[in-house]
Structures are given as structure tokens and as C-alpha cells.
Amino acid sequence: MLLRSFLTMPRLLRHGPAVGADLPPDEAVVLDARPAPLGDAVSAATAGDHGPARELLAATRLGAEWERRSHYVGEFADAAVHSPGWLDGWLGEAPEDPDATLVRADLSLRRAWSVRAGVGARQMSPDRLRAFFALLGDAVPVLGSAAELNPDDPVPWRIALAHATGARAPREVFDAYWAEATARAPHHHGCHAAALQYLCARWHGSHEEMFDFAERAAARALPGSKLHALPLAAAIEYDVVAGAGGRGPVDRSRIDAAVDRALGLSSFYGHGDPEAAGFRNELALMLVRSRRFDEALDVFRAIGEQARSHPWRHFGEPRREFLEFRTGVRMRIAGSTPLFSRPPESMPRSRERPPGRFAVHLLAIAAAPPARVASAALMCGVPLRIAPAGGSASYVAPAPDEPAGRRAALIGGEDSLTGAAGTFTTGEKWPTLVLRRTGDLAGFTLLHRGRKAASHTWDPSAPVTDHAAASATAEVLARVFGLSDPRPLTGLLRSSTAPARRQADLVTALGLPPLPAGFGRLADPLAGVPGTGLLERRGLLSGMRDTLANDPERLLVRSPGAAPPPRPKRWWLPRLLALTLFAPAAAWAWWSPGVGPLRSVLFSLLALVFGAQIVAAARQRGG
């Protein structure tokens, strides 16, 4: 094992940055992104305006867009779990609206499932189990109303199939629901996915029955239909959720066939298509588990920035797991490529990344002056833009890095700025607050002494942060930044409205400099900030050389015409002393017949070097 690692490391260092260089950077990956117009409608709904949601769902009903309608209803129901006021207002205005009633039906079911929160029936207390079944019972009349108000709609029957799974409905009830669903839309993917759950071994069927059902549906599916990915969903349920692996009753050839069928389906969709993101995330995982790393890398390319919670949530925090699996695939390919061969070709990445709806904006505020931050960040492996923020603080932002450095390319799971801050705060007493904005979300990560001390995200569509969790985060912030009362911070963390404003208010409450005007809007948040400089990415040897040079003021590359920072006294003093020593020594050496020419030339050169440095610095100071 040790020998294999020794032989693999040179390959990783040589090929790692090139393999998958065309993939979106980690910071660009967004979890469960809602594309427009759905994202806009959800944001408006959580802010209290149900108008866009009403228009969007009405269009899917009138156009019989049942797949899209099913997805939209689920997203609106998720939003209503945490902020139901907008849905109550809609139903108050139009109690017989088929769209509002359908969202309410899905919401009723999700409220019931939230009581279980992924816990099996055997692990639940009797009180929680009774509450679960009571909420399922309350959902029945709402489901009936949704089906009656729009008889042609298969989506109420998709919800009914999920209800049958949790309510332990007998097979004849499930069969009746299934007949109603397929009579309205025989190839509806959402209904098939709900039926698959009922038929899996965890619920009311078996592994074999689940695979039989999925393979029959895929065999009858039209070209390009997402039903071709139903056997892949069965493979995830069997191999990952149930954990059967190679020890269960299902032959491995059926899993391989499901993966191959999903690969064929993926070719029907363009790269980055959100419609395909769901099954492509499942496909990437199963390819990794099958050790088909080259194909997995191609699927990660096709996924682009569209990460999904399922199936990565089965391993931990979904976004982090997605990034770590993706990095693992790159390293597997790099480590298996012969040292003097070329890795598989990557598609060239555009140097200019147009800011999109889900562009990630990053900015850090470090509690140290720019020169000190630059000196600490020499070995972080990524280029940074650093600007004075007033007092003894600095703004830090990531700079374009094409191609990515080797160290940066080999690190996954964090955005480039958070990873860099973890490096340049190591061994330092001063903290750094990394701020991020993505669409309607805002958040921060606190780095202190090289470790993540706290983090938080303001999400208007998520539940209000638990008071205990918010208090714990506030106490860490107050301790690190020297505040005596963390309670105002707790209030800011528990407020989910206007995330950008809450983020700015937190920065003010911590006593940090205000956010630059361009943060959240401009690709370069430090554009226009006086004194901004670029800390270029350095290799290991050049980083060590610059560290030993002990001249942190000169580490930052200023824009043309920008005045360099003034030299500190600790720079002037040793050079003046050296000039005072070597200038007389050179004169004495030339006039003394006992001193050889070599020593005379050496003293003269040293005097000229230090004299030239002092003259140049004096001219810059005067200019």
C-alpha cells in the first residue's frame, strides 16, 4: 500500500490539474438550484406574493404539462412547509382553486413525513408514530378535493401513491391508485417514482419486484423519457439506501444494465440541463461505485453546476459529498495515467465566466492589514486580490486562476476562498470571515487559527434556524470578535428575510468594515477599492523565497499607476545601517594598499546595492 501511494503521488502532481480542468469550479456548484421562472416564483411566494406561483401552476394545468407540474407543486409545497402564510392567503382568496388545493395536498403529506424525518418506524416513539398517522389521515380529504377539482390531473395520484406508502395501505389500494394515475398519464415519471418506493423492500415489496417494475416501465418508455432512468433509481435504492451491495438477491448485471440505460438517456439532454440533473447525479454515483471513473467524469461534466441533494445526502452534507466524489474521480484518473502519458483530453474552459443567476460571489474580511495577510497567504496556492479595509482589516477576494494551480486543483469540498483562508489563518491569531452570496441566499464561514469556527446560511425558503444552534454560532462570533453580548447576533441569525441585508447587518454588528458596494453584483467585488493589489499564485520554492525575503509590502502587485505602499521603518533602518557600514569600508579598501581587489569590489557592490535600493525608495516616496 505504501509503495502504491509512493508511485501514485508523482502522477497526481503531474496530471491532477489537467484532469477535469473543464469542470465548473467548486464555488460555482449550487445545490438544488431552482431555474427561472420557478426560482423567482418560490422567492415571491416566501415573501408573501402568491401571484407568480398561481400563474406558473395555471400554465402547467392548461398546457397539460404534467411532469413539470408535478415538480413545481413539490417545490411550492417545500416552500410552504417553512412559510405557509402565502398559501393560506391564496386559499383564502380562492378556496376552490385546483392549483392551490394541489399544493396544499402535497404540503399535508410533507408535514406528515417531516414528523418521521428519515427515522424508521421501529426507532420512532409511539407518540411520534401516532402523530405521523394522524397527519396522514388529515391529508386524505385534501387529496380527494385536489383530484375532484381537476379530474384529468395525474399529480394528485402521484401524491396519493406516496400517501399509500406511508399509510401502509394494502396492495389493492395501491393498485387502485396506480390505475387512476396511469389512466391519466401512462408514462408519468413522478407517478412511477412514487410507485417504486411502495414496491421497494424497505416498504411493501421486495428488491426483485422493484427491479421488475422499473425495467418494465423503462422497456415501454418513449425515447428520451426519464422513465429510462427508473432502473437506475432502483439501483440506488438497492445498492445505496438499502446497502445490499453485492450481497443481495439482485444480480449485478441488472445494476450494470440500469447504468448503461441511464448513460444512453443522458445523451438526449444537453450539458448542464436542469431537467436531467436528477438522474445524472444518481448516474455519477453509480458509475463511481462501479469504478467506471472515465465515464463518471463525463457525467460530472454533463451535470455542470447542477448538484442535487439526492443521492449524496446518504453520505453526509450533500454539496460537500458531491464535490468530494467529483474530486475523487479526478484523482483516480490522474493516479492511473502513466507518468509520461497524456491524460484524457478536457474541454477548454472559457476564461470569461458570465455571471449567471446562480453565480457565487465571495469576499473575505480579515482582521489584519493587507501586508500581513499577503505574507500569510503566500503558500495558499491560489491568487488573491487584497485591499485595505480601514483600520487593521483587509478585504480579500479570489482572483482569476487559469489554469488552476496544482495545489488548488487537488483540493475539493470547499470554495477557493474558504480553502485559502483555512491556509492563511493557520498559526495566526486574527480571524477571517468569508462571505458568500448565491442568488437569493447569503451566508458566511468564520475561519480562526486555520479551522472553521462557525458557519451560517440565510435562506428565505428554509425553516427559521433553531434558537440553540443560532445562539451557539452567535457565541462563537462574539468570542472571536470580542463582543460582550451575543444576543443581537442571535436575532440576526434567526431572521431569514432579506438575506443580503442580514449579512451586511451582521458585518456591522461584529465591528467589521462595511461590505464594498460591488459585492453581490460585480464579478470583482474590489473594483474601485483604493489600494487593491494582486497576490499572485506562487510555487512552493518561490513562496519560500518570498517568505524569507521579509518584504511583505512588495508581495502585492498594484495596478499600473497605483502608488506603492510606504516603506515601514523596519525596512529603512537595516539598509541605512548597511550603507553606513559598506560605503566607508569600500572607500577605505580602495585606498589601502594592504586590501586585495576582490574585497574592495565586494564592499563596493554591497554599497551600490543598498544605495540603489534607498534612492529608488526615496524617489517613490517623493513621487
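Remark: of the listed residues Leu87, Asp99, Leu56, Leu56 is the sole one forming a side-chain contact (heavy atoms from CB on, under 4.5 Å) with Phe76. Each of Val507, Leu506, Val434 was compared with Phe444 under the side-chain contact (heavy atoms from CB on, under 4.5 Å) criterion, and only Leu506 meets it.
Proximity of Val329 to Phe300: side-chain heavy atoms (C-beta onward) are separated by under 4.5 Å at one or more points. The shortest side-chain heavy-atom distance between Leu441 and Pro499 does not fall under the 4.5 Å cut-off. Residues Leu493 and Trp458 form a side-chain contact, since some pair of their non-hydrogen atoms from C-beta on lies under 4.5 Å apart. Proximity of Leu477 to Leu483: side-chain heavy atoms (C-beta onward) are nowhere separated by under 4.5 Å. For the pair Glu93 and His50, the minimum side-chain heavy-atom distance is below 4.5 Å. Residues Phe519 and Tyr395 form no side-chain contact, since every pair of their non-hydrogen atoms from C-beta on lies 4.5 Å or further apart. Residues Leu446 and Phe481 have side chains in contact (heavy-atom distance under 4.5 Å, counting atoms from C-beta outward). Side-chain contact between Glu282 and Arg308 is absent, with no heavy-atom pair separated by less than 4.5 Å.
Checked against the 6.0 Å centroid criterion, the rings of Phe325 and Phe315 qualify as a close aromatic pair. Ring to ring, Trp312 and His314 are not that close: their centroids are 6.0 angstrom or more apart.
Counting only distance, with no hydrogens or angles, the side chain of Thr46 and the backbone of Ser43 share a donor-acceptor pair below 3.5 Å. Under the 3.5 Å distance criterion, the side-chain polar atoms of Gln503 are left unmatched by any main-chain donor or acceptor of Ala442. Of the possible donor and acceptor atoms, none in the side chain of His456 sits under 3.5 Å from a partner among the backbone N and O of Arg494. Judged by distance alone, the side chain of Asn281 and the main-chain N or O of Ala277 form a donor-acceptor pair under 3.5 Å. Judged by distance alone, the side chain of Thr508 and the main-chain N or O of Ala504 form a donor-acceptor pair under 3.5 Å. Proximity of a side-chain donor or acceptor of Arg128 to a complementary backbone N or O of Val115 within less than 3.5 Å is detected.
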Practice problem: Evaluate salt bridge (Lys or Arg N to Asp or Glu O under 4.0 Å) for Asp138 paired with Arg111, printing each intermediate quantity in order. | Solution: CA-CA 10 Å; Asp138 293 342; Arg111 281 174 170 164; over 6 Å; no
Exercise. List the steps and the verdict of side chain to side chain contact (heavy atoms under 4.5 Å, CB included) for Val373 and Thr432.
Key: CA-CA 10 Å; Val373 175; Thr432 294; over 6 Å; no
Practice problem: Give the C-alpha distance, both sets of side-chain angles, the deciding distance and a yes or no for side chain to side chain contact (heavy atoms under 4.5 Å, CB included) between Leu91 and Asp97. | Solution: CA-CA 7 Å; Leu91 287 165; Asp97 189 301; 5.7 Å; no
Quiz item: Could you go step by step and tell me if Leu510 and Leu489 meet the side chain to side chain contact (heavy atoms under 4.5 Å, CB included) rule?
Solution: CA-CA 8 Å; Leu510 293 175; Leu489 302 180; 3.9 Å; yes
Exercise. Walk me through it: do Arg326 and Asp26 pass the test side chain to side chain contact (heavy atoms under 4.5 Å, CB included)?
Key: CA-CA 10 Å; Arg326 193 177 72 163; Asp26 288 358; 2.7 Å; yes
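The existence of a salt bridge linking Asp78 and Arg110 is confirmed by a sub-4.0 Å separation between a basic side-chain nitrogen and an acidic carboxylate oxygen. Between Glu75 and Arg34 there is a salt bridge, since at least one side-chain N of the basic residue sits less than 4.0 Å from a carboxylate O of the acidic one.
With values rounded to the nearest 0.5 angstrom, Ile386 atom CD1 is found 7.0 Å from Ser394 atom OG. In this structure, Leu323 CG and Glu321 CD are separated by 9.5 Å, a value rounded to the nearest 0.5 Å. The structure places CG of Asp505 at 10.0 Å from CG of Leu515, a figure rounded to the nearest 0.5 Å. For the atom pair OG1 of Thr425 and NZ of Lys452, the computed distance is 12.0 Å after rounding to the nearest 0.5 Å. For the atom pair Phe424 CZ and Thr426 OG1, the distance stands at 10.0 Å (nearest 0.5 Å). Going from atom OG1 of Thr445 over to atom CG of Leu433 covers 8.0 Å, rounded to the nearest 0.5 Å.
Other residues, nucleotides and ligands place no more than 12 heavy atoms under 6.0 Å from the CZ atom of Arg501.
With hydrogens and angles left out, the side-chain atoms of Arg436 and Thr457 include a donor and acceptor closer than 3.5 Å. In the model, Gln306 has no side-chain atom that pairs as donor or acceptor with a side-chain atom of Arg280 under 3.5 Å. Residues Thr532 and Arg385 bring no donor and acceptor atom of their side chains to less than 3.5 Å of each other.
Nearest heavy-atom pair, Leu492 versus Ala509, reported as atom, atom and distance to 0.1 Å: CD1-CB, 4.1 Å. Residue Trp430 comes nearest to Ala376 through the heavy atom pair CZ2-CB, 4.0 Å, listed as atom of the first residue, atom of the second, then distance. Considering all non-hydrogen atoms of both residues, Ala167 and Leu136 come closest at N-CD1, 3.7 Å. The two residues Val29 and Gly304 come nearest to each other via the heavy atoms CG2-O, 4.4 Å. Closest approach of His82 to Pro84, counting heavy atoms only: C-CD, 3.8 Å. Across Pro95 and Thr101, no two heavy atoms sit closer than the pair O-OG1, 3.8 Å.
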